[in-house]
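What follows is a set of notes on a single structure, which appears directly below.
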Amino acid sequence: MKRRQSPFEDSDPSDRHPSVNQGPRDVLARYRRALLNLSADDLADLYAPDAVHEVPFPFPGLPKRCDGREEVRAAYRAAWGASPARPESVVEVAVHDSTDPEVIVVEQIVTGTLATTGERFQVPGLLVMRVRDGSIVHVRDYVH
């Protein structure tokens, strides 16, 4: 089965590596690509080595907190590998800039299909992301 290219994918391989010139909105676009591709490696590579990723209300199989890039990689590899959810799009409700240029607050809805049943799903969420020098240093991910 051929994988469908998501609207967040591009063909420029240089975009896959952190750059100190990338702000929170640039990193958010790459974060969404990793999510849609279910790529724990691409996701983790967006994080600073000592970053913190918190999910105050985690879905089954995901820890409430990951300390460091490698814990993010391991947690999402395990969670996404075990989940029948296949995300297909991220609907942006709003992106709010904060008074801190490193921080954005994102309202979004992830839509997709459950591979086991074919049932469609929508998962609303709120993401608070801090990006410094082109890498995520802190995320608080409130998913419903």
Side-chain angles (χ1 to χ4, degrees), residues 1-116 121-144:
M1 182 173 170
K2 186 177 177 184
R3 188 179 65 79
R4 198 179 95 211
Q5 185 171 355
S6 81
F8 295 102
E9 288 180 338
D10 61 32
S11 59
D12 182 1
S14 65
D15 186 47
R16 296 186 192 121
H17 303 287
S19 166
V20 295
N21 296 325
Q22 291 192 336
R25 287 176 184 256
D26 301 310
V27 174
L28 174 62
R30 294 172 57 218
Y31 185 97
R32 288 174 171 166
R33 276 197 300 273
L35 168 77
L36 291 171
N37 293 328
L38 296 177
S39 175
D41 289 327
D42 288 351
L43 182 72
D45 289 347
L46 297 173
Y47 286 76
D50 59 348
V52 174
H53 182 100
E54 296 176 289
V55 185
F57 312 108
F59 56 85
L62 193 65
K64 283 189 167 194
R65 180 181 171 111
C66 297
D67 291 302
R69 175 189 299 150
E70 296 312 314
E71 281 191 21
V72 169
R73 187 182 320 275
Y76 276 89
R77 182 173 287 139
W80 287 343
S83 174
R86 299 298 173 254
E88 296 166 0
S89 71
V90 179
V91 178
E92 183 174 286
V93 176
V95 177
H96 305 278
D97 294 310
S98 75
T99 56
D100 183 336
E102 293 183 342
V103 177
I104 58 174
V105 178
V106 181
E107 296 175 67
Q108 62 188 20
I109 301 169
V110 177
T111 66
T113 304
L114 295 176
T116 51
F121 67 82
Q122 293 187 353
V123 180
L126 182 75
L127 191 68
V128 181
M129 179 183 289
R130 177 179 296 275
V131 173
R132 184 176 301 134
D133 297 328
S135 295
I136 296 171
V137 294
H138 188 240
V139 164
R140 193 166 290 126
D141 189 359
Y142 299 90
V143 294
H144 177 61

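These numbers were taken from a predicted model, which means no experiment stands behind them. Numbering starts at 1 and runs along the sequence shown.
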- Task: Mind checking side chain to side chain contact (heavy atoms under 4.5 Å, CB included) for Asp50 and listing every partner two or more places apart, or none if nothing turns up?
- Result: Ala48
- Message: Strictly distance-based, threshold 3.5 Å: is any side-chain N or O of Arg86 a donor or acceptor partner for the main-chain N or O of Ser83?
- Response: yes
- Task: State the OG1-CD distance between Thr113 and Glu88, to the nearest 0.5 angstrom.
- Result: 3.5 Å
- Query: Atom CG in Leu28, atom CG in Leu46: separation rounded to 0.5 Å?
  - Reply: 10.0 Å
- Task: Kindly say whether Pro84 contributes a backbone atom to a donor-acceptor pair with the side chain of Thr116 at under 3.5 angstrom?
- Result: no
- Specify the closest pair of heavy atoms between Gln22 and Val131, including all atoms of both residues, with the distance to one decimal. O-CG1, 4.0 Å
- Task: Determine the sole option in Val106, Ile109, Leu126 for which the side chain to side chain contact (heavy atoms under 4.5 Å, CB included) test with Val93 is passed.
- Result: Ile109
- Task: Could you check Val95 against Arg25 for side-chain contact (heavy atoms from CB on, under 4.5 Å), going step by step and ending with a plain yes or no?
- Result: CA-CA 9 Å; Val95 177; Arg25 287 176 184 256; 3.6 Å; yes
- Item | Lys/Arg-Asp/Glu bridge criterion (N-O < 4.0 Å) met for Arg73, Asp45 | yes
- Note on the structure: In this structure, CG of Leu38 is separated from CG of Asp41 (nearest 0.5 Å) by 12.0 Å
- Query: Is Phe57 atom CZ crowded by more than 12 heavy atoms from other residues, nucleotides or ligands, each under 6.0 Å away?
  - Reply: no
- Minimal non-hydrogen separation, Pro24 against Val103, with atom names: CG-N, 4.4 Å
- Rounded to the nearest 0.5 Å, how far apart are CZ of Arg30 and CG of Leu43? 10.5 Å
Table please: side-chain donor-acceptor pairs of residues 136-144 below 3.5 Å, with sequence neighbours left out.
unit_1 : atom_1 : unit_2 : atom_2 : d
His138 : NE2    : Glu54  : OE1    : 2.7
Arg140 : NE     : Glu54  : OE1    : 3.2
Arg140 : NH2    : Glu54  : OE1    : 3.0

- Exercise: identify the closest heavy-atom pair between Ala75 and Cys66: CB-SG, 3.6 Å
- Item | Any donor-acceptor pair under 3.5 Å from Ser89 side chain to Val91 backbone | no
- Task: Count the heavy atoms belonging to other residues, nucleotides or ligands that lie under 6.0 Å from CD of Glu102, then report whether that count exceeds 12.
- Result: yes
- Note on the structure: Taken in chain and number order and not counting sequence neighbours, the residues that satisfy ring pair (Phe, Tyr, Trp, His ring centres under 6.0 Å) with Tyr76 are His53, Trp80
- Task: Please round to the nearest 0.5 Å and tell me the distance separating atom CD of Glu107 and atom NE2 of His96.
- Result: 3.5 Å
- Task: Determine the minimum heavy-atom distance between Arg65 and Glu71, stating which atoms define it.
- Result: O-OE1, 4.2 Å
